[in-house]
2 protein chains.
Amino acid sequence: MSFPSYSSPQSISIGHLAKRTGCKPETIRYYEQIGLLGEAKRTEGGQRRYSEATVQRLTFIRHARDFGFSIEAVRELLNMVDSPLTDCQQIDAIAKHHLREVESRIQRLEALREELQRMVTQCSGGSVESCRIIEVLSNHRLCQHQEVHGGASDLR
Amino acid sequence: MSFPSYSSPQSISIGHLAKRTGCKPETIRYYEQIGLLGEAKRTEGGQRRYSEATVQRLTFIRHARDFGFSIEAVRELLNMVDSPLTDCQQIDAIAKHHLREVESRIQRLEALREELQRMVTQCSGGSVESCRIIEVLSNHRLCQHQEVHGGASDLR
DNA sequence: TTAAGACCTATAGTAGCTAGAGGTTCAAGG
DNA sequence: CCTTGAACCTCTAGCTACTATAGGTCTTAA
């Protein structure tokens, strides 16, 4: 698949492109800057003007980002889309890799959820001295899931 | 609860503190810089020296971070721990808020996982032109979960 | 005394944007 | 044709939570 350039109005402003794709203009300029989008044509006054092809490309980018693909993964996917020789398996590999990452994040978050639930249900009210939550946070041994240690912080 | 300062060796170097808490020295200096840890005592030559109380405090911080609490949440928790008047309910509220966030992240990731699974299982091999993954990423309507749109990218 | 290793500060980099300042261009209405 | 206001431009800094580097200093054991 490649993005067709219809013989249609090649004069979409950055604001209109933004509205049609759900991006902000700043984000579009940023994508150009990091090379996800090529350099746009410009008016004599220097403003960017886009074609329908860019609407398609940006829609793809936004959608892939919504799916949680990293910018670098999106860049790879776009490179594949841009070259007609690409074998579908390469794309499949990226998607599967991403799927595995999502699955592992879910697992770790579930362990975290259980610990938090235990923590919260055991808190019976009172002053800080006897707070179960503080106690658990102060003492690793009160934890049941090893998964929690050494890293839920990168799960945000 | 407060962190007791035992009458023990008040001369722990940043490297030893790091090893005992599982932090890196850079991180410890960073925590000092942003005010999670107070300014450390220094040797005549200017190197930081810590007490057992700091080991406890940093252990608490690391553990809370492992639980996915943000730095700002940790700061709040520490403020509460530092003031003996704090009611346990305030701490409970922070923990519950965090729990709800974790739960919502799990939900969104599960929707994402299902979409990715559908995507991957439908990819039957072949060239880019007919790749189901690319097709789905190009076209919102092929998606079943609304949750995916407008945001899994902040789930990392 | 010397040399290795740990430490110091300051700065920049990571991801993926977002926000602001301060100035220019475009397009519609009069 | 002229004005006006919205949209656009570039450049820079900010966000989270660190991590990494450079270039220099201190400590400590042999």
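Every chain is numbered from 1 and lettered A, B, ... according to where its sequence line falls, protein lines coming before strand lines.
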Under 3.5 Å donor-acceptor, A:His63 side chain and A:Leu58 backbone: no

What's A:Arg29 touching, base or sugar-phosphate or nothing? Going by heavy atoms closer than 4.0 Å. base

Nearest of D:dT10, C:dC17, D:dC18 to any side-chain atom of B:Tyr31? D:dC18

When you measure from the side-chain N and O atoms of A:Thr27 to the phosphate of C:dT18, is any distance below 4.0 Å, counting only OP1 and OP2? yes

For B:Pro25 and A:Gly46, find the nucleotide of DNA chain C closest to each by heavy atoms; which residue's nucleotide sits nearer the 5' end? B:Pro25

A:Arg20 and A:Tyr50: side chain donor to acceptor below 3.5 Å: no

Please determine whether a side-chain nitrogen of the Lys or Arg among A:Arg48 and A:Glu39 lies less than 4.0 Å from a carboxylate oxygen of the Asp or Glu. no

Take the C1' atoms of the five end pairs on each side of the helix from C:dT1-D:dA30 to C:dG30-D:dC1, get both axes, and report the angle to 10 degrees. 20°

Atom CD of B:Gln33 and atom P of C:dC8: how far apart are they, to the nearest Å? 13 Å

Taking D:dC9, D:dC26, C:dT9 as options, the one with an atom nearest any side-chain atom of B:Thr43 is D:dC26

Length of the line joining A:Leu58:CG and C:dG16:C1', which is rounded to integer Å: 14 Å

Could you tell me whether the phosphate oxygens of C:dC26, OP1 or OP2, come under 4.0 Å of any side-chain nitrogen or oxygen in A:Ser13? no

Whole-Å distance between C:dA6 P and B:Leu17 CG? 15 Å

Which nucleotide in C:dT9, C:dA27, D:dC18 has an atom nearest any side-chain atom of A:Arg49: C:dA27

Looking at side-chain heavy atoms only, is the closest gap between B:Glu101 and B:His97 below 4.5 Å? yes

Within the 4.0 Å heavy-atom criterion, would you say B:Ile34 contacts the bases, only the backbone, or no part of the nucleic acid? nothing

Let me spell it out: for each of B:Glu32 and A:Glu72, pick the nucleotide of DNA chain C with the closest heavy atom. Which residue's pick is nearer the 5' end? B:Glu32

Residues A:Asp82, A:Arg57: salt bridge by 4.0 Å N-O rule: yes

On DNA chain D, nearest-nucleotide positions of B:Ser70 versus A:Gly45: which is more 5'? A:Gly45

What's the CD1-P distance between B:Ile71 and D:dT19, to the nearest Å? 11 Å

If you compare every side-chain N and O of B:Arg42 against the phosphate oxygens of D:dT25 (OP1, OP2), does one of them come in below 4.0 Å? no

Carboxylate-amine/guanidinium contact B:Glu32 B:Arg29, below 4.0 Å: no

Supply the atom-to-atom distance A:Glu110 CD to A:Glu115 CD, rounded to the nearest 0.5 angstrom. 13.5 Å

Within this structure, what is the OH-to-P distance between B:Tyr30 and D:dT16, rounded to whole angstrom? 8 Å

Considering all heavy atoms of both residues, which atom of A:Arg113 and which atom of B:Glu103 are nearest to each other, and what is their separation? CD-CG, 3.5 Å

d(CD1, B:Ile14; C1', C:dC8) in whole Å: 9 Å

Assign each of A:Arg48 and B:Gln47 to its nearest nucleotide of DNA chain D by heavy atoms, then name whichever residue's nucleotide is nearer the 5' end. A:Arg48

Measuring from the side chain of A:Lys24 (C-beta onward, heavy atoms only), which nucleotide among D:dA7, C:dA19, C:dC17 has the closest atom? C:dA19

Separation of C:dA15 C1' from A:Arg75 CZ (nearest whole Å): 12 Å

Just how far, in rounded Å, is P of D:dA22 from CD of B:Glu26? 14 Å

